[in-house]
Undergrad: 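Take this structure, written in C-alpha cells, and hold onto it; I'll ask about it next.
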Amino acid sequence: MSTLISCQQLNKYFGNKQVLKDISFEIQAGEITALVGPNGAGKTTLFSILCNYLYPTSGNVTVFGEKPGSSQLFGKVGALPQDAQLDPNFTIKTQLEMYAKLQGFNNQQAKNECLRVLECVDLLDVVNQRPSTLSHGMSKRVSIAQALIGTPKLVLLDEPTAGLDPANARSIRQLVMNLSGETSFIISSHNLDELERLCSSVLLLDHGELSQQVIGKQAQQSQQTLTLLLENSTTSTLALLSELQGMTKVENINKQEFILKYNLLLAADFDIKLIQTLQQHGLEYRQISKGLSLEQQLFS
Amino acid sequence: MQAKNQHSNLIPVWLFAQFELTRLFFTKRGLFLVASLAIVWFFILDFLIYESVQLLRDPLLRDQISSWFGEVQLDYLLQWPYSELAVYWIISVFIFPFIAILISSDQIASDIKRGTVRFLLLRSTRSQLLLGRFLGKTLIVTILIFLSILATFLMGINRDATQIVNSIPQLILILFNLILLCLPYIALMSLLNAHFQSSKISLLIAFIIVPVISSLIGYIATYIEPADYLLYALPGVQLTDTLQLADFQLSSLLIPLIQTIGYLFLTQQVLVRKSL
C-alpha cells in the first residue's frame, strides 16, 4: 500500500492561538479515513492545509509525495470544502464543465464528465439550473459532484452529509462505498454512526491534538469484544451474560446496551452461544456487532 | 473518467480569461453592465463628440481652441483628418481608466468570500487564477475600447469617407495607448481585491484614496521635490504625457507596463501568502 498523505509535526497558529499541535500521521491508499473531533478541534483547518487553502505554521505535509497545491495534484485530489459555494451567476453545467476543462478535459469530454458526476449524485435534472435555485442539500450534492470530476484518487469531504435529509445522506454514503477502492476518502463528520459504517481508520482531533489513530477492524487476537443492543432487558441480564462460557468482562453502558469481552480460545462459537442464550431467556436483540462502536472507541 | 489531455500552465490562464468574457457577455449582470456602458457611450458620441466636431469645423474657433490648450500641447489633434477621433481621444483618456476600474473591481473578491475560489484552487494555481482574471478583464476593456473607437471611426467615415486610410495610424495609436493606459488600473484592482477581499473597498480605494494620495504627494512635492517620484507608483501618472503625444513614446509605454508588472507581482505575493 502506498502512502497518500503524510503529515509530520504539523503546527498551525491563528495569531497566538495554536489550532494544530505537532500533528503527525500517515494515510495509506485505498482507505476511507474518518476525521472526527468536537467543534473547533481543527478538522477544517487540517482539511484546508491538505487542500492548500491554508499554510501550516511549521511541519511538513505531502499528498502523493507532493506539497499541497502542486500542479501534480490537480485532478488527483478532489475536495468538498466546508461552506464553499458555486458562482450564482452561472449554471451548474457551465461551472462543472469549466472545472473539468481546468483538469485537462477537452470540450466534449468536459460535457460528458459534467453529466457523469451529476448522475453520481442523482442530480442530472439540475444541470441547466443556477446554484441559487437549489436547496441546501442539492447544493451540497452538486459540490460533492465537483469533487468527483476526473475520478480523483483522493477525495476529502468536509461534513458531506451535514444538512442532508436521511435519504440523500444515505445515497452519499452509498456513493462513497461504491467508489472506495479506486478512490480513497477522508471524511470529516460529527455523525459517528455514519463514519463507523464507512471508514476503516479514524483520526481523532481534539483541541488541535491528534490523540488517537484507531483502526476500526478488530485485531485478530484471543481477546475479543462484542457490542450487544437488546430490545428489552431485566435486572438479571447482566448476571446471565456474565455466566456465558469464555466471558471475561461484561460492561453495561446503559439499560439496553452491553459490551461483552470474551476469550476466543475458550469459546470459539461465543456469538452463536450468545444468541441461543438470549433466545432461551426470551431476550430479543436489536443489534450485535463485533468490536466497540466508534463512539465507545473514541470517547470511553 | 480521467482527463486525457494534461495541458500546459497557460491553458488554465486562458480558460479563466475566457470565463470572464462569458461573465460579461452571457450573464444578466454582465449584459446589464454592457448595456449601461453602451448608453453612456451613445450620449458621449451623440452629444459630446458630434457637437464638438461641428464646432471644430469653424476655422476661427479652431484657432481659439488652439490658444486655449496653452501649455498642454494638443495642437496636433487639430491636424487629424477625423476630428471625431481627436475629441474621442481626449474624452476616452479620462473615461476609460474609470471603466477599467469598474469592470475589474471584482476579480477574485467575491470568489474568495463565497468560497468558489476553493473549487478553483483544486485545479489551478493561485498565479494562474490571478493572471487569468487579469487577462480576462484586460480583454473585456480592450473589446469595449475597440467598440467605442469603431463607433467613433464610423461617425467620421459617415461625415467624410475619403480620409479612411489617413486615419488608420491615429486609430491604432489611440487603441494601443488606451489599452496601455488601462493596464495598471486593472492590475491595481487585482492587488486591492487580493488584499482587501472586497470589491466595494477596492472601488472606494481606487476612486477616493488613490486620488487623495496623489494630491497629497503633489502637495508634499512642492516642499520636498523628490517626493514627486512617488507619483510613479500610482496609475495614470503619465496621463498628461500620453495625451500630448503625437506618436508612440517610450515613457508612455514603459511607465504603465512597469506599473502593471509591479502591481501583478505584488498581487501574486499577497495571494500566495493569503489564507483562502
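Naming convention: chains lettered A, B, ... in sequence-line order (proteins, then strands); numbering from 1 in each chain. Since this is a predicted model, take the numbers as computed values, not measurements.
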Undergrad: So, does A/Tyr53 use its side chain to make a donor-acceptor pair with the main chain of B/Arg118 at under 3.5 Å?
TA: yes
Undergrad: Identify which of B/Lys28, B/Arg126, B/Arg273 forms the greatest number of heavy-atom pairs closer than 4.5 Å to chain A.
TA: B/Arg126
Undergrad: Name the region of B/Arg114, side chain, backbone, both or neither, that has any atom closer than 4.5 Å to a heavy atom of chain A.
TA: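 Both backbone and side chain.
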Undergrad: Which atoms of B/Ser110 come close to chain A, meaning under 4.5 Å heavy atom to heavy atom: side chain ones, backbone ones, both, or neither?
TA: neither
Undergrad: Tell me, side chain or backbone of A/Tyr99 under 4.5 Å from chain B's heavy atoms, or both, or neither?
TA: both
Undergrad: Among B/Thr22, B/Thr116, B/Leu276, B/Thr27, who wins on heavy-atom pairs under 4.5 Å with chain A?
TA: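 Answer, by heavy-atom pair count under 4.5 Å with chain A: B/Thr116.
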Undergrad: Would you mind telling me which of B/Asp111, B/Leu121, B/Leu120 has the largest number of heavy-atom pairs within less than 4.5 Å of chain A?
TA: B/Leu120
Undergrad: Within residues 187-200 of chain B, which positions have a heavy-atom distance to chain A below 4.5 Å?
TA: none
Undergrad: For the atom pair OG (A/Ser71) and CG (B/Asn9), what is the distance rounded to the nearest 0.5 Å?
TA: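 If I round to the nearest 0.5 Å, the distance is 6.0 Å.
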Undergrad: Do the side chains of A/Gln146 and B/Arg123 get nearer than 4.5 Å, heavy atoms only?
TA: yes
Undergrad: Given the rule in the side chain to side chain contact (heavy atoms under 4.5 Å, CB included) test, do A/Gln95 and B/Phe119 qualify, once you have shown the distances and angles that lead to the verdict?
TA: CA-CA 10 Å; A/Gln95 294 185 70; B/Phe119 295 136; over 6 Å; no
Undergrad: Please report the C-alpha distance between A/Thr94 and B/Phe26 in whole Å, then the side-chain angles of each, then the deciding distance to 0.1 Å, and finally whether the side chain to side chain contact (heavy atoms under 4.5 Å, CB included) criterion is met.
TA: CA-CA 11 Å; A/Thr94 310; B/Phe26 296 98; over 6 Å; no
Undergrad: Applying a criterion of heavy atom separation less than 4.5 Å, what residues of residues 81-92 of chain A form contacts with chain B?
TA: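 Residues of residues 81-92 of chain A touching chain B at under 4.5 Å: A/Pro81, A/Gln82, A/Asp83, A/Ala84, A/Gln85, A/Leu86, A/Asp87, A/Pro88, A/Asn89, A/Phe90.
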Undergrad: Under 6.0 Å from the CZ atom of B/Phe207, do we count more than 12 heavy atoms belonging to anything else shown?
TA: yes
Undergrad: Out of the candidates B/Leu15, B/Ile11, B/Leu122, only one should pair with A/Leu102 under the side chain to side chain contact (heavy atoms under 4.5 Å, CB included) rule; please name it.
TA: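 Filter result, single survivor: B/Leu15.
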Undergrad: Measure B/Val13 against the heavy atoms of chain A and call it side chain, backbone, both or neither at under 4.5 Å.
TA: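 For B/Val13, no heavy atom lies under 4.5 Å from chain A.
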Undergrad: Counting only heavy atoms from other residues, nucleotides and ligands, does the tally under 6.0 Å from NE2 of A/His207 exceed 12?
TA: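 For A/His207, atom NE2 is not crowded (no more than 12 foreign heavy atoms under 6.0 Å).
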Undergrad: Quick check on the interface: out of A/Ala147, A/Ala79, A/Gly69, A/Ser70, who has the most heavy-atom pairs with chain B under 4.5 Å?
TA: A/Ala79
Undergrad: Counting heavy-atom pairs closer than 4.5 Å to chain A, which one of B/Ser275, B/Gly30, B/Ser124 comes out on top?
TA: B/Ser124
Undergrad: State whether the number of non-hydrogen atoms from other residues, nucleotides or ligands found under 6.0 Å of A/Asp206 atom CG is greater than 12.
TA: yes
Undergrad: Considering residues, nucleotides and ligands other than A/Gln174, do more than 12 of their heavy atoms fall under 6.0 Å from its CD?
TA: yes
Undergrad: With a 6.0 Å cut-off (strictly less than), is the heavy-atom count around CZ of A/Phe14, excluding the residue itself, greater than 12?
TA: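 It does: A/Phe14 CZ has more than 12 such atoms within range.
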